[in-house]
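Every chain is numbered from 1, with letters handed out A, B, ... down the list of sequences. Values reported hereafter were calculated over all heavy atoms of this structure, with side chains retained and with hydrogens, waters and symmetry mates removed.
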2 protein chains.
Amino acid sequence: MGATGVRKARTSVRANVRRVPGPCAHWDDQDADFIREVLDLVGDKWSVLIIGTLADGPTRYSDLADAIPGISQRMLTLTLKQLRRTGLVDRTAYPEVPPRVEYSLTDLGTSLLSIVLALAAWSADRHAEIRRHQAAFDAATAPAGS
Amino acid sequence: MGATGVRKARTSVRANVRRVPGPCAHWDDQDADFIREVLDLVGDKWSVLIIGTLADGPTRYSDLADAIPGISQRMLTLTLKQLRRTGLVDRTAYPEVPPRVEYSLTDLGTSLLSIVLALAAWSADRHAEIRRHQAAFDAATAPAGS
DNA sequence: CGGTATCCACAGTGATACTG
DNA sequence: CAGTATCACTGTGGATACCG
């Protein structure tokens with residue numbers, strides 16, 4: 001991997017006592033924006049599903065639609081375009097008739113996939129614990145009323 | 001870490017040729033739902049910022065509001081509640097006057113933080129590359145018109 | 001101080017129909 | 001087959017005002 005690590009405190013000597021408008025020790029405002037961008041990209045309803053599907057190899061438009069039940073043509077097209085714009089997926093159109101178009105993960109997309117996989121592992125691992133917390137919280141919060 | 005790894009192909013022997021309604025090799029529909037839940041949680045506008053700020057240690061409500069410029073009281077309260085419900089943050093109210101309330105990351109929250117940090121590192125690392133792709137894509141897409 | 005309640009605007013998404 | 005166009009709906013989030 002290349003130069004990893006969130007850029008550290010670029011702003012001179014951050015005093016030992018944090019002055020308020022400094023967001024947190026892990027990233028500065030600038031980094032926070034990058035994270036938000038990636039989160040906006042990946043946090044939408046379909047991106048991760050598409051990336052996961054493409055991880056199996058190049059896939060045709062209609063196969064993607066089949067592999068991801070519930071997605072509309074509109075959202076499939078829109079999300080793919082978004083993903084392409086970010087450089088996460090590639091599009092290859094074969095000038096045949098009937099037309100055939102294949103989408104595939106770029107290296108960038110593959111590198112993101114590994115993080116998504118880590119998140120997936122975390123989700124699966126902690127899912128039960130989360131459910132318990134939710135149940136406990138809901139029980140403690142809404143015990144009023146019938 | 002406990003039993004990590006996204007649960008693998010529970011559905012008998014998945015034929016070597018993927019039959020369409022199987023989403024992808026990395027997770028099944030069920031896992032996909034878990035991921036979506038976590039993504040919904042973390043993909044919203046403020047959760048990650050709050051988690052990052054709380055990573056520095058227990059923080060008061062008003063300090064959070066100061067540390068995260070632009071957040072409204074409504075969203076701060078709402079997001080904290082959501083985070084609490086999921087078991088990612090703890091709330092401690094001190095029965096003083098004036099009232100004092102501190103929020104802190106739970107172990108669960110801390111474990112998620114490490115993944116978020118990985119994502120942050122990825123963002124910072126690939127940011128320039130992404131920007132290039134976006135610029136190239138936009139140039140190739142909208143060259144028509146003036 | 002640490003919230004809650006109400007109203008409103010808008011971006012994201014789905015359904016449907018049409019096109020190259 | 002692989003999209004695009006249009007419309008309508010809904011959830012998310014901002015502004016503001018009020019409460020314990």
Side-chain angles (χ1 to χ4, degrees), chain A residues 20 32-33 36-50 53-54 58-86 89-104 137 140-142 144-145, chain B residues 20 32 36-37 39-50 53-54 58-86 89-104 137 140-142 144-145:
Chain A
V20 260
D33 283 346
R36 287 260 66 258
E37 276 179 56
V38 176
L39 245 26
D40 282 345
L41 185 74
V42 138
D44 70 27
K45 213 172 175 184
W46 304 109
S47 295
V48 169
L49 276 324
I50 292 180
T53 305
L54 290 182
T59 313
R60 297 184 57 165
Y61 181 89
S62 50
D63 287 343
L64 279 171
D66 290 341
I68 306 172
I71 196 172
S72 61
Q73 274 200 326
R74 172 189 153 85
M75 287 320 295
L76 180 53
T77 302
L78 235 58
T79 308
L80 282 170
K81 192 176 296 183
Q82 170 85 342
L83 257 21
R84 240 155 43 85
R85 187 176 114 96
T86 319
V89 315
D90 256 347
R91 194 189 101 119
T92 313
Y94 298 90
E96 310 169 349
V97 37
R100 181 166 62 100
V101 177
E102 281 190 349
Y103 290 89
S104 60
F137 185 91
T141 307
Chain B
V20 261
R36 287 259 68 258
E37 276 180 57
L39 245 25
D40 282 345
L41 185 75
V42 137
D44 70 28
K45 212 172 176 182
W46 304 108
S47 295
V48 169
L49 276 324
I50 292 180
T53 305
L54 289 181
T59 312
R60 297 184 58 166
Y61 180 89
S62 49
D63 287 342
L64 280 172
D66 290 341
I68 306 172
I71 196 171
S72 62
Q73 272 200 327
R74 173 189 152 86
M75 288 319 295
L76 180 54
T77 302
L78 235 57
T79 308
L80 282 171
K81 193 176 297 181
Q82 171 85 342
L83 257 21
R84 248 166 24 96
R85 188 176 113 96
T86 318
V89 315
D90 256 347
R91 196 189 99 120
T92 314
Y94 298 90
E96 312 168 348
V97 36
R100 180 166 62 100
V101 178
E102 281 190 350
Y103 290 90
S104 60
F137 185 91
T141 307

Mind listing the residues from residues 73-83 of chain A sitting with a heavy atom below 4.0 Å of DNA chain C? Number order is fine.
A:Q73, A:R74, A:M75
Which pair of heavy atoms, one from A:A67 and one from A:T53, lies closest together, and at what distance?
CB-CG2, 3.8 Å
If you look at every heavy atom in A:R91 and A:V101, which pair is closest and at what distance?
CG-CG1, 3.6 Å
Compare all side-chain heavy atoms of B:I50 with those of B:T59 and state whether any distance is below 4.5 angstrom.
no
B:Y103 versus B:D90: any side-chain heavy-atom pair under 4.5 Å?
no
Are any of the side-chain heavy atoms of B:V48 and A:L39 separated by less than 4.5 Å?
yes
Per the end-axis method with five pairs at each terminus, what is the bend angle of the helix from C:dC1-D:dG20 to C:dG20-D:dC1, to 10°?
50°
What does A:Y94 touch in the nucleic acid at a heavy-atom separation under 4.0 angstrom: a base, only the sugar-phosphate, or nothing?
nothing
Separation of atom CZ in B:R36 from atom C1' in D:dG11, rounded to whole Å
14 Å
State, with a plain yes or no, whether a side-chain heavy atom of A:T86 is found less than 4.5 Å away from one of A:V38.
no
Report yes or no: is the cationic atom of B:R100 (NZ for Lys, CZ for Arg) under 6.0 Å from the centre of the six-membered ring of B:Y94, at an angle within 45° of the ring normal?
yes
Footprint ends on DNA chain C, 5' to 3', for atoms under 4.0 angstrom from a heavy atom of chain A, come out as C:dT13 to C:dG20
Starting at atom CD of A:E96, determine the distance to atom C1' of D:dC1, rounded to an integer number of angstrom.
11 Å
Please identify each residue that fulfils side-chain hydrogen bond (donor to acceptor under 3.5 Å, both in side chains) with A:S47, with sequence neighbours left out.
A:D44
Who are the side-chain hydrogen bond (donor to acceptor under 3.5 Å, both in side chains) partners of A:D40, not counting sequence neighbours?
A:R36
Side-chain polar contacts of residues 73-82 of chain A - donor-acceptor pairs under 3.5 angstrom, sequence neighbours left out - could you list them?
residue	atom	partner	partner atom	Å
A:T77	OG1	A:Y61	OH	2.9
A:T77	OG1	A:Q73	O	3.0
A:T79	OG1	A:M75	O	2.6

